[in-house]
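Source: prediction; values computed, not measured. Throughout, residue positions are numbered sequentially from 1 according to the sequence presented. Both counts, for ligands and for their atoms, begin at 1 and track the order of listing.
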Amino acid sequence: MANDYVNIQVRPVSAALGAEIGGVDLKNVDDATFSEIRAAFHQYSVIFFRDQEMSPDQHIAFAERWSTINVNRFFKPLESHPRIAQVIKEPDQTDNIGSTWHTDHSYDQIPAMGSILYARDVPNVGGDTHFSSMYRAYEGLSSGMQAMLGGLKAWHSSRHAFGYVTNDLESRKDGRLSNPDLATQDSIHPVVIAHPDTGRKSLYVNGDFTVRFDGWTQEESQPLLDYLYEHGARPEYTCRFQWQKGSVAFWDNRATWHYASNDYHGQRREMHRITLDGVALSA
Ligand code: SIN
């Protein structure tokens with residue numbers, strides 16, 4: 001529980017998931033502190049840090065303590081550090097990136113373990129990110145639904161999300177998203193995974209990338225997928241993070257969804273995202 005931590009302060013932000021971690025400078029984390037941050041990450045699924053001052057190299061160095069970096073194929077990279085993806089919305093832009101519930105890179109055969117998002121510039125108000133616990137979503141289903149989903153796999157794809165069908169999006173035209181020719185990934189994963197680190201069961205479908213259940217048509221799949229998307233976004237499974245410049249959110253892609261609010265037109269928001277390699281998922 002939160003009181004077992006001795007090197008860091010841990011303040012849960014909702015009953016379902018999320019904790020703000022205090023007493024840490026991410027540029028300078030000793031092994032004992034790192035091991036407590038890891039425990040908090042697994043306990044809370046998304047962890048938040050405030051008032052961090054990290055250069056891109058320091059952001060990369062912290063990320064590499066967790067895993068190798070998984071370079072996003074579609075987001076505009078930071079020119080000086082192409083392993084960092086930029087998530088930007090300028091005052092004159094209307095689209096933002098990530099304003100639907102999703103988990104990152106589920107279209108990959110070996111999906112990303114997590115993402116570390118660092119706020120460089122934030123609006124005065126708005127631009128919050130919401131997270132939802134896919135452990136809680138799974139646990140909130142009936143035993144009958146759990147049993148049925150436990151026997152299913154689903155297909156995930158990047159084609160409809162980042163391919164040529166997105167040519168008309170503002171974020172494609174202005175270059176925040178690119179490389180539609182690389183949107184060729186299709187992958188299959190269990191609908192309910194055993195989390196590779198915690199062993200806890202987690203619902204692993206998401207509205208951005210899941211296209212159908214294996215062995216089912218798209219038409220047969222969509223009503224049940226829609227039910228699961230509505231269920232997974234229930235407020236009691238979620239938390240909401242209000243950013244400040246220097247804030248960091250580090251989420252577990254195998255245990256959460258996230259959703260970036262697009263409610264700050266006319267203001268600028270700039271985030272740096274590093275995504276981390278994961279492992280193959282199993283039921
Ligand atoms: C994302 O989906 O990775 C972006 C999240 C955010 O900008 O809050």
Side-chain angles (χ1 to χ4, degrees), residues 13-14 17-18 20 45-50 52 59 63 66-67 69-78 83-91 93-108 111-134 156 158 160-162 166 169-172 174 176-179 183 205-210 229 232-233 238-265 267-278:
V13 300
S14 85
L17 82 170
E20 208 163 304
S45 304
V46 54
I47 50 178
F48 307 109
F49 304 86
R50 296 287 186 189
Q52 300 296 316
H59 188 181
W66 296 83
S67 183
I69 292 175
N70 183 313
V71 180
N72 186 284
R73 305 164 186 86
F74 310 113
F75 290 16
K76 186 173 182 173
L78 191 63
R83 290 188 295 167
I84 298 182
Q86 299 187 80
V87 180
I88 295 188
K89 185 177 170 218
E90 299 291 352
Q93 295 172 335
T94 51
D95 285 3
N96 73 338
I97 291 174
S99 59
T100 45
W101 283 109
H102 66 283
T103 192
D104 299 331
H105 296 208
S106 71
Y107 46 76
D108 283 331
M113 70 90 104
S115 299
I116 304 175
L117 192 69
Y118 178 38
R120 313 282 304 188
D121 194 8
V122 294
N124 293 335
V125 69
D128 297 356
T129 306
H130 307 251
F131 296 88
S132 188
S133 169
M134 292 303 106
H156 301 240
S158 63
H160 62 285
F162 295 116
T166 62
L169 284 184
E170 177 195 56
S171 45
R172 278 287 311 288
D174 63 29
R176 282 176 290 161
L177 296 176
S178 56
N179 295 330
V205 288
N206 72 93
D208 271 10
F209 304 123
T210 309
Y229 300 153
T238 71
C239 70
R240 175 177 188 140
F241 186 59
Q242 192 168 21
W243 296 91
Q244 297 158 352
K245 186 172 177 190
S247 301
V248 171
F250 178 15
W251 61 83
D252 186 330
N253 279 310
R254 293 83 48 95
T256 63
W257 291 342
H258 56 282
Y259 175 111
S261 302
N262 187 12
D263 56 356
Y264 54 97
H265 299 315
Q267 297 192 72
R268 186 168 194 278
R269 183 176 185 271
E270 177 186 348
M271 320 296 268
H272 284 182
R273 195 180 95 181
I274 296 182
T275 300
L276 295 164
D277 278 325

Closest non-hydrogen atom pair between W243 and D128, with its separation: CD1-CA, 4.1 Å
Neighbour count above 12 (heavy atom, 6.0 Å) for E90 CD: yes
Any donor-acceptor pair under 3.5 Å from Q52 side chain to R50 backbone: yes
Region of L117 that comes within reach of ligand 1 [heavy atoms, distance under 4.0 Å]: side chain
Which of the ligand 1 atoms, numbered from 1, are nearer than 4.0 Å to a heavy atom of V87: 7 (O)
Ring centres under 6.0 angstrom apart (H130, H258): no
Contact atoms of ligand 1, heavy-atom distance to H102 under 4.0 Å: 2 (O)
Residue portion contacting ligand 1 (non-hydrogen atoms closer than 4.0 Å) for W251: side chain
Numbering as shown, the atoms of ligand 1 that approach R273 to under 4.0 Å (heavy-atom distance): 1 (C), 3 (O)
Selection from H258, R269, H130 by shortest heavy-atom distance to atom 7 (O) of ligand 1: R269
Per-atom contacts of ligand 1 with G98, taking only distances under 4.0 Å to non-hydrogen atoms: 2 (O)
Contact (N/O only, under 3.5 Å) between T129 and ligand 1: yes
Heavy-atom gap W257 to ligand 1 smaller than 4.0 Å: no
Heteroatom distance test (W243, ligand 1): nitrogen or oxygen, under 3.5 angstrom: no
